[in-house]
A.B. asks: 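One structure follows; several queries about it will come next.
What you are looking at is a predicted structure, and each value in this text was computed from that prediction instead of being measured. Throughout, a chain's letter reflects where its sequence line sits, starting with A, and its residues are numbered from 1.
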There are 2 protein chains.
Amino acid sequence: MRKQPQQKRSREMVRALVDATALCIQRHGLDDTTTARIAEQAGVSVGSLYQYFGDKSALIEALMDRLAEDIAGGLRRLPLMAVNDLNEMVHRSILFGFSVLRSRDGLYLELVRNWHRLPTHRMVDLLQQHFMELSRLYFLRHYRDYPIENLEVRVFIVTNSVLFTMVRHVSQGDLIGEQALARELTRMVAGYLAEPPETAAP
Amino acid sequence: MRKQPQQKRSREMVRALVDATALCIQRHGLDDTTTARIAEQAGVSVGSLYQYFGDKSALIEALMDRLAEDIAGGLRRLPLMAVNDLNEMVHRSILFGFSVLRSRDGLYLELVRNWHRLPTHRMVDLLQQHFMELSRLYFLRHYRDYPIENLEVRVFIVTNSVLFTMVRHVSQGDLIGEQALARELTRMVAGYLAEPPETAAP
DNA sequence: CGTTAATGCGAATATCTATTCGCGTTCAAT
DNA sequence: ATTGAACGCGAATAGATATTCGCATTAACG
């Protein structure tokens, strides 16, 4: 941020600008999210935008940071540890993922679609990190039932599989019901995570 | 295509332009693939480009079509039907996927990264279609061993999971070995596809 | 109040890129 | 060889968008 807003008026403007950015992206798509539009939407001028954000991407990063916190909060609020059944735990996580992705009127969708030219990495990596910690805790607690060794790899595969399958599903006309998709994804993921490590049965 | 090239010289130019497009994308990335650069690379002028391609995207579509044929050809050449072991069959498919994705010096990677603003749909859908047909044949032949009902959903999930997990893997610094990834992906996918339909065991 | 620093403005500027168009060149058929 | 059509050229045009800068307005504080 180029300058720290010191007065109340300007702090509100910074806030309004980030809000406006989100609104523009979800309404017009990332490509048509111009500095002019953002400023107009926020009810300020382009010049003011550059008072507090070095450039356009700084503004978008500010938005991403806020969203990342939102997601982290929601994830922490899920009491997944208490769910003993792996299948159930996975299913809840997937449903949470769907709800995030569908929230905010397609904002997340547009962001994930453009993930390669945005600091979406932050969010995806964050999600993955959270799932990783969560998984570590979960499988530590339930080690007796599910003794996994290569958790890193498995969580990597699983989060990407779920995330992008959901993205593809939602960003296409859904020829497949969301119910069915969530159910089947759960089956695949839970089945995979439950598989014991490499040991040939006699 | 705006006009049909009638003379040998112009047919070669069209070919050179498509080649140049591929080269630009793989060398400089999609964002820096300008008409000027393409023309320069092809050794012709911008104006000539517009003789045969209505606009820039028409040129890219021509490239995509050619690539799609390449992939389809390679896929058809794989003798997967003969592979009786599901695990083996899946593994070979995944390795094929990796090889395609890594081929042509990152061209495919750049395209898949930008899939939302390209007719990549064509390719992804094509791949998915091919896998679908292939799966239909495969599971028809091996119905005794793997009686699957909801093949559509399963193949949708599986293709997207594999494709985008691979993309994420290759487009990041690979913290995970490709070997391990291929092995684990295979385990997940084959395990899932082998699961019997919904019937509670006694 | 009055002064000053912070804030806000938006037309003007800089840059980048797709696309066009008028003119010169080459091809192919007679 | 001649001629008309196809071809090829690239400077000029058009359109879009990020970023700046000099001036106007507002808040803070004595």
A.B. asks: Could you check whether Arg66(B) pairs with Glu69(B) (Lys NZ or Arg NE/NH1/NH2 to Asp/Glu carboxylate O, under 4.0 Å)?
C.D. replies: no
A.B. asks: How close or far is atom C1' of dA18(D) from atom CG of Leu59(A), stated in whole angstroms?
C.D. replies: 13 Å
A.B. asks: Expressed as a whole number of angstroms, how long is the span from Ile60(B):CD1 to dT17(C):C1'?
C.D. replies: 13 Å
A.B. asks: Would you list the pairs meeting salt bridge (Lys or Arg N to Asp or Glu O under 4.0 Å) in which at least one residue belongs to residues 74-91 of chain A, sequence neighbours left out?
C.D. replies: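 Counting only pairs at least two positions apart or across chains, the salt bridge (Lys or Arg N to Asp or Glu O under 4.0 Å) contacts touching residues 74-91 of chain A are Glu88(A)-Arg92(A).
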A.B. asks: From dG10(C), dT20(C), dC27(C), pick the nucleotide closest to the side chain of Gln7(B)?
C.D. replies: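 So the nucleotide nearest the side chain must be dC27(C).
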A.B. asks: May I ask you to decide if the ring planes of Phe98(A) and His169(A) are parallel, tilted or perpendicular, using 30° and 60° as cut-offs?
C.D. replies: perpendicular
A.B. asks: Give the rounded distance in Å between these two atoms: CD of Glu40(B) and P of dA11(D).
C.D. replies: 13 Å
A.B. asks: CE of Met13(B) versus P of dG10(D): gap in Å, rounded?
C.D. replies: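 After rounding, the reported distance stands at 13 Å.
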A.B. asks: Pick base, sugar-phosphate or nothing for Arg2(B), based on heavy-atom distances below 4.0 Å to the nucleic acid.
C.D. replies: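 Arg2(B): backbone/sugar contact only, no base atoms under 4.0 Å.
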A.B. asks: For Asp31(B) and for Gln4(A), locate the closest nucleotide of DNA chain C by heavy-atom distance; then report the residue assigned to the nucleotide nearer the 5' terminus.
C.D. replies: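 Final value for this comparison: Gln4(A).
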A.B. asks: Lys56(B) side chain: which of dA18(C), dC9(C), dT20(C) is closest?
C.D. replies: dA18(C)
A.B. asks: Which of the following nucleotides, dA27(D), dT19(D), dC9(D), is nearest to the side chain of Asp55(A)?
C.D. replies: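 That would be dT19(D).
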A.B. asks: Calculate the interatomic distance between Tyr52(B) atom OH and dT19(C) atom C1'; express it in whole Å.
C.D. replies: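 Rounded to the whole Å, the gap is 17 Å.
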A.B. asks: For the residue pair Trp115(B) and Trp115(A), does the interplanar ring angle fall in the parallel (under 30°), tilted (30 to 60°) or perpendicular (over 60°) class?
C.D. replies: tilted
A.B. asks: To the side chain of Val46(A), which of dC9(D), dT7(C), dT19(D) is closest?
C.D. replies: dT19(D)
A.B. asks: Answer yes or no: is there an ion pair linking Glu40(A) with Arg37(A), defined by an N-O contact shorter than 4.0 Å?
C.D. replies: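 No.
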A.B. asks: Counting only side-chain heavy atoms from C-beta out, which of dT17(D), dC7(D), dT20(D) sits nearest to Thr34(A)?
C.D. replies: dT17(D)
A.B. asks: Out of dT7(C), dC9(D), dA18(C), which has the shortest distance to the side chain of Thr35(B)?
C.D. replies: dA18(C)
A.B. asks: For Asp70(A), is there an ion pair with Arg104(A) - N to carboxylate O distance below 4.0 angstrom?
C.D. replies: yes
A.B. asks: Establish, with yes or no, whether the OP1 or OP2 oxygen of dC9(C) is under 4.0 angstrom from a side-chain nitrogen or oxygen of Ser45(A).
C.D. replies: yes
A.B. asks: Would you say Tyr50(A) places a side-chain N or O within less than 4.0 Å of OP1 or OP2 belonging to dC9(C)?
C.D. replies: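 No.
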A.B. asks: Between the side chains of Glu12(B) and Arg15(B), is the shortest nitrogen-to-carboxylate-oxygen separation below 4.0 Å, so that they form an ion pair?
C.D. replies: no
A.B. asks: I want to verify a distance call: between dG8(D), dG8(C), dC9(D), whose nearest atom is closest to the Ser48(A) side chain?
C.D. replies: dG8(C)
A.B. asks: Parallel, tilted or perpendicular: which fits the ring planes of Tyr138(B) and His142(B), with parallel below 30° and perpendicular above 60°?
C.D. replies: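 Taking His142(B) first and then Tyr138(B), their aromatic rings lie parallel (interplane angle under 30°).
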A.B. asks: Whole angstrom is fine here: how far is it from CZ in Arg37(B) over to P in dT17(C)?
C.D. replies: 8 Å
A.B. asks: Send over the distance from Leu49(A) CG to dG10(C) P, rounded to a whole Å.
C.D. replies: 14 Å
A.B. asks: So which nucleotide from dT7(C), dC9(C), dT26(C) ends up closest to the side chain of Arg9(B)?
C.D. replies: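 The nucleotide sitting nearest to the side chain is dT26(C).
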A.B. asks: With sugar-phosphate meaning primed atoms plus P, OP1 and OP2, does Phe53(A) contact a base, only sugar-phosphate, or nothing at under 4.0 Å between heavy atoms?
C.D. replies: nothing
A.B. asks: Check the distance between dT19(C)'s P and Gln51(B)'s CD and give it to me in whole angstrom.
C.D. replies: 15 Å
A.B. asks: When the C1' atoms of the five terminal pairs at each end define the local axes, what inter-axis angle does the helix from dC1(C)-dG30(D) to dT30(C)-dA1(D) show, to 10 degrees?
C.D. replies: 10°
